[in-house]
A.B. asks: 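I'd like to ask you about the structure that follows.
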Amino acid sequence: MRIAIQGIGVAGGFGCGADPLRRALLSGESKPQNILLEAESHKHEFPVYLCDTSRLADFVNKRALRRVDHFSRMAVLASVLALEDAGMLQEDHQNFAVVVASGYGATRTTFSFLDSTIDDGDACASPTLFSNSVHNAAAAHISILLKANGPNVTVSQFEMSVPSALFTACRWLQEKGVDAVIFGGVDEYCNVLGYGWQRFFGLGHKADMRPLEFEYQSAIAGEGAAFFLLTLENGDKPKYGYIADVQIGHGSISAPKIAKNNLLILGADGHKLSGSHYARHTPQGNQAAIYSPLYGSIPIGSAFDIAIAALSIKECKVFASSKYAGNNSGLNMVWKEQDLNSKPICCLKFSCSGEFGVIKLVGD
Amino acid sequence: MKTNPTVAVTGIGCLCAAGLNLKACMDSLFGGGCTPQPPSRFSSDHPTVYPVFEIYKTPSTGGNGPQADIMLTAKFALTAAEEALANAGLNRKILPDKRVGICIGTTVGSAMNNEEFYRDYRSGGRPHMDAITRFLNSNPAKVIAEQYGVAGPCQTIVNACSSGTDAIGLGASWIRSGLCDVVIAGGADELCRVTYNGFISLMITAESPCRPFDVDRKGLNLGEGAAMLVLESEAFCRKRNQVPHAMLLSYGSACDAYHLTAPAPDGRGLKQAIASAMAACQTSVDNIAFINAHGTGTPDNDRVESQVLNELLSGVPFLSTKGYTGHTLGAAGAIEAAFTIACLSAGKIPASAGFETPDPDLLSTPVQQETAVDGTIAISQSLAFGGNNAVVIFGKGEG
């Protein structure tokens with residue numbers, strides 16, 4: 001049986017919710033914020049697509065959020081938005097499973113925990129920060145706040161976290177008898193990551209991301225969460241279509257299998273290391289679109305691409321690729337909005353080391 | 001009711017403080033075990049030294065290229081995988097042609113928390129990126145996939161202390177669904193100052209050897225290690241005439257949805273996980289030979305676990321092996337699964353190390369001495385931060 005997408009919830013640099021994402025898709029624009037980052041004894045402006053979680057207060061009272069950090073707040077916010085979108089926020093979630101993907105986990109809290117020992121000594125290590133620094137803290141907060149007693153798992157596989165975790169979400173729906181799976185990806189920005197970014201890639205790409213220029217390093221860091229309410233197909237047509245297939249592989253062993261008539265959403269996000277794999281393995285004949293300049297470079301970027309594919313299916317159209325995506329004459333890119341014409345959509349993601357994930361969505 | 005197709009366990013690899021391979025571990029378990037010691041690889045400024053179960057001999061990775069500089073967690077994972085594959089009669093020449101998946105649990109192995117790097121960064125230095133590169137090269141599932149040249153599903157499970165059990169259960173589902181012929185599944189974790197300080201901050205770490213289920217239990221001892229199981233479909237196993245050590249009959253998991261670090265007092269998630277696993281393989285309490293409990297030695301864990309075992313599996317012998325290994329976090333479920341299979345094969349379980357005096361508040365108590373066990377089915381269970389509960393059920397094999 002196929003997996004139906006009943007609701008989506010997104011929070012990222014473009015805003016919070018499906019409407020802001022849709023607006024960003026229609027305008028083709030989403031601007032990062034500049035933060036000050038200290039490097040080589042100077043402060044430099046560093047662009048980052050940051051996520052504001054203040055809307056969470058509409059759903060969860062402040063007391064319940066007291067010890068919930070930014071990482072988990074993004075995940076909880078995207079989860080409740082997905083449930084609200086599916087009309088299932090007030091339902092009984094007892095038999096719901098939770099599957100979360102994260103490339104790096106709660107990095108801010110991880111380093112804040114280290115601060116607590118460095119500043120005040122090992123004996124003053126903060127138990128609250130420690131317990132929130134574990135990778136599955138976000139999944140745990142989702143379960144606690146939504147009273148979801150089903151299976152709960154967090155997967156961390158860098159850029160492959162989303163296809164890998166989606167694999168498990170599908171298995172659980174098909175095998176475990178859960179009513180639904182709250183599935184999604186979350187990653188956050190922190191200044192230590194910013195430091196690593198500048199050491200690995202220089203002081204940061206200041207202009208727009210140009211992810212289609214695969215040989216050029218133009219990534220701009222992002223953060224955010226994209227979640228989905230998934231169920232088995234139940235006879236009613238879901239508004240966002242179905243997940244028809246999840247492929248995982250390695251480009252050095254076999255190329256992704258994508259039929260000629262499928263629309264591609266490329267997950268390239270301005271990193272030239274992964275760009276080389278897109279250059280080598282992206283099927284040339286397929287129509288393709290790219291949206292990473294709307295949410296930034298983030299390990300769980302595939303989750304945003306799934307959300308965009310789901311919106312495309314709902315609205316029966318292909319949104320124009322982000323206008324700042326750069327040029328690539330070798331690809332058949334969608335630059336103007338057009339009808340989807342019931343084409344399946346494949347979200348293709350390559351990691352820097354050549355692993356790939358293909359997530360295929362269909363409307364019928 | 002439809003039951004799960006079973007999954008054959010054809011190879012086991014394990015290393016921890018109790019031993020550097022499965023045989024050495026089992027000899028140690030039945031020979032009295034070892035005692036935890038102060039950590040040797042790091043120090044802390046706690047007024048008390050909390051003992052740990054440490055592996056003193058660093059394994060050679062067997063890797064090359066980028067794998068020459070990887071975290072200890074990944075080295076443990078590779079070492080256990082190598083033992084498990086050799087035990088299963090598989091190797092890196094055979095595997096790339098097969099549909100092979102990798103599913104590994106960890107905690108430290110996925111945490112970007114190198115303290116030396118961060119101290120330098122905080123003090124305004126420009127720390128070299130070696131520590132971060134090492135972290136990026138050390139994802140345990142990816143390291144194993146690269147070492148053996150396999151391109152099937154590759155997943156690192158970060159479910160805190162149930163990661164190893166969840167990884168085995170999820171890996172088995174890939175076999176059941178027909179997606180893989182072989183899955184290498186297990187868990188790996190290393191001791192580090194960050195988790196050491198973290199667990200002490202939660203006030204659940206003992207200053208002496210841990211005593212799971214004992215009236216005088218004071219908390220857990222941390223440990224490190226890895227264990228891997230080679231899982232195969234029955235058809236694939238038959239085709240290559242491999243005799244399974246055990247059959248993985250089922251996996252159940254559920255979340256308390258109660259608290260980030262404390263188990264639900266009524267044990268609701270654990271009950272649901274056990275019930276789900278038992279229903280999936282259609283077994284009843286009468287068929288269970290023994291239970292390898294999570295048994296960390298913390299007051300809360302042991303109280304809840306004892307209560308649930310009394311309620312659902314009353315009369316079945318159970319033990320905790322944490323007194324032999326310490327709590328190895330993301331590796332714990334996998335190490336305990338390896339021990340469970342080995343004990344099921346041997347028809348006996350060791351004494352639950354550290355348990356001497358029953359706690360009148362606990363409704364069930366573990367075995368106090370080496371005990372012969374009847375029956376062909378055993379349970380291994382894990383509880384974790386986040387309220388996760390994971391249970392795997394094994395049936396006796398022929399090997």
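Reckoned from all heavy atoms, side chains included, excluding hydrogens, waters and symmetry mates. Naming: A, B, ... by sequence-line order, numbering from 1 per chain.
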A.B. asks: Quick one: what part of B/Pro96 sits under 4.5 Å from any heavy atom of chain A, side chain, backbone, both or neither?
C.D. replies: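 For B/Pro96, no heavy atom lies under 4.5 Å from chain A.
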A.B. asks: Taking all atoms of both residues into account, what is the closest heavy-atom pair of A/Gln157 and B/Thr156, and its distance?
C.D. replies: OE1-N, 2.5 Å
A.B. asks: Check for a donor-acceptor pair, side chain of A/Ser164 on one end and backbone N or O of B/Cys154 on the other, with a separation under 3.5 Å.
C.D. replies: yes
A.B. asks: Only pairs of heavy atoms separated by less than 4.5 Å count here; which of B/Ser177, B/Pro153, B/Gly387 has the most with chain A?
C.D. replies: B/Ser177
A.B. asks: Look at B/Asn113, B/Asn388, B/Thr106, B/Thr261 and state which one has the largest set of heavy-atom pairs under 4.5 Å with chain A.
C.D. replies: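 Result: the option with the highest number of such pairs is B/Asn388.
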A.B. asks: Regarding B/Lys142 and A/Ser353, do their side chains bring together a donor and an acceptor under 3.5 Å, going by distance alone?
C.D. replies: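 Note: B/Lys142 and A/Ser353 side chains meet the donor-acceptor criterion.
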A.B. asks: Is it true that a side-chain atom of A/Asp122 and a backbone atom of B/Asp45 form a donor plus acceptor pair closer than 3.5 Å?
C.D. replies: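 Present.
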A.B. asks: Which region of B/Leu179, side chain (C-beta onward) or backbone (N, CA, C, O), has a non-hydrogen atom less than 4.5 Å from a non-hydrogen atom of chain A, or is it both or neither?
C.D. replies: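 Contact with chain A is through the side chain of B/Leu179 alone.
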A.B. asks: Test your reading of the model: is there a side-chain donor-acceptor pair from B/Asn139 to the backbone of A/Ser156, 3.5 Å cut-off?
C.D. replies: yes
A.B. asks: Using heavy-atom distances under 4.5 Å, tell me whether B/Tyr196 contacts chain A through its side chain, its backbone, both, or neither.
C.D. replies: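 Contact with chain A involves no heavy atom of B/Tyr196 at all.
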A.B. asks: Does a donor on one side chain and an acceptor on the other come within less than 3.5 Å for A/Thr168 and B/Gln155?
C.D. replies: yes
A.B. asks: In sequence, state the C-alpha distance, the side-chain angles, and the governing distance for B/Arg122 and A/Asp115, and then conclude on side chain to side chain contact (heavy atoms under 4.5 Å, CB included).
C.D. replies: CA-CA 9 Å; B/Arg122 246 179 60 115; A/Asp115 288 334; 2.9 Å; yes
A.B. asks: Ion pair present between A/Lys147 and B/Asp256, side-chain N to carboxylate O less than 4.0 angstrom?
C.D. replies: no
A.B. asks: Heavy atoms only, distances under 4.5 angstrom: which of B/Ser44, B/Ala254, B/Ser173 has the most pairs with chain A? Name it, please.
C.D. replies: B/Ser173
A.B. asks: Among B/Asn389, B/Leu136, B/Thr195, B/Thr48, which residue forms the greatest number of heavy-atom pairs with chain A at distances under 4.5 Å?
C.D. replies: B/Leu136
A.B. asks: A/Val153 versus chain B, heavy atoms under 4.5 Å apart: side chain, backbone, both or neither?
C.D. replies: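 Both parts, backbone and side chain.
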A.B. asks: Counting heavy-atom pairs under 4.5 Å to chain B, which of A/Ala97, A/Ala148, A/Gly105 comes out on top?
C.D. replies: A/Ala148
A.B. asks: Please classify the contact of A/Ala165 with chain B as side chain, backbone, both or neither, using a heavy-atom distance under 4.5 Å.
C.D. replies: backbone
A.B. asks: Between A/Asn152 (side chain only) and B/Gly386 (backbone N and O only), is there a donor and an acceptor less than 3.5 Å apart?
C.D. replies: no
A.B. asks: Do you know which of B/Ser162, B/Ala160, B/Cys103 has the most heavy-atom pairs under 4.5 Å to chain A?
C.D. replies: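 Most heavy-atom pairs within the cutoff with chain A belong to B/Ala160.
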A.B. asks: Counting only N and O atoms by type, is there a donor-acceptor contact under 3.5 Å from the side chain of A/Asn149 to the main-chain atoms of B/Cys255?
C.D. replies: yes
A.B. asks: A side-chain contact here means heavy atoms from C-beta on lying under 4.5 Å apart; do B/Asn197 and A/Phe113 qualify?
C.D. replies: yes
A.B. asks: Determine the option with the most heavy-atom pairs under 4.5 angstrom with chain A, choosing from B/Ile200, B/Ile132, B/Ile157.
C.D. replies: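 When all of B/Ile200, B/Ile132, B/Ile157 are compared, B/Ile157 has the most.
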A.B. asks: Taking side chain as everything from C-beta outward and backbone as N, CA, C, O, which of these in B/Leu170 sits under 4.5 Å from a heavy atom of chain A? Side chain, backbone, both or neither.
C.D. replies: side chain
A.B. asks: Aromatic contact between A/Phe111 and B/Tyr121, with the criterion being ring centroids under 6.0 Å apart: yes or no?
C.D. replies: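 Here the rings of B/Tyr121 and A/Phe111 have centres that are no less than 6.0 Å from each other.
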A.B. asks: Check whether B/Arg126 reaches the backbone of A/Arg199 with its side chain - one donor and one acceptor, N or O, closer than 3.5 Å.
C.D. replies: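 No: the side chain of B/Arg126 does not pair with the backbone of A/Arg199.
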A.B. asks: How close do A/Ile144 and B/Ala257 get, counting heavy atoms only, and between which atoms?
C.D. replies: CG1-C, 3.8 Å
A.B. asks: Could you tell me whether a side-chain N or O of A/Tyr104 sits under 3.5 Å from a main-chain N or O of B/Ala111, the two making a donor and an acceptor?
C.D. replies: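 Such a contact is absent between A/Tyr104 side chain and B/Ala111 backbone.
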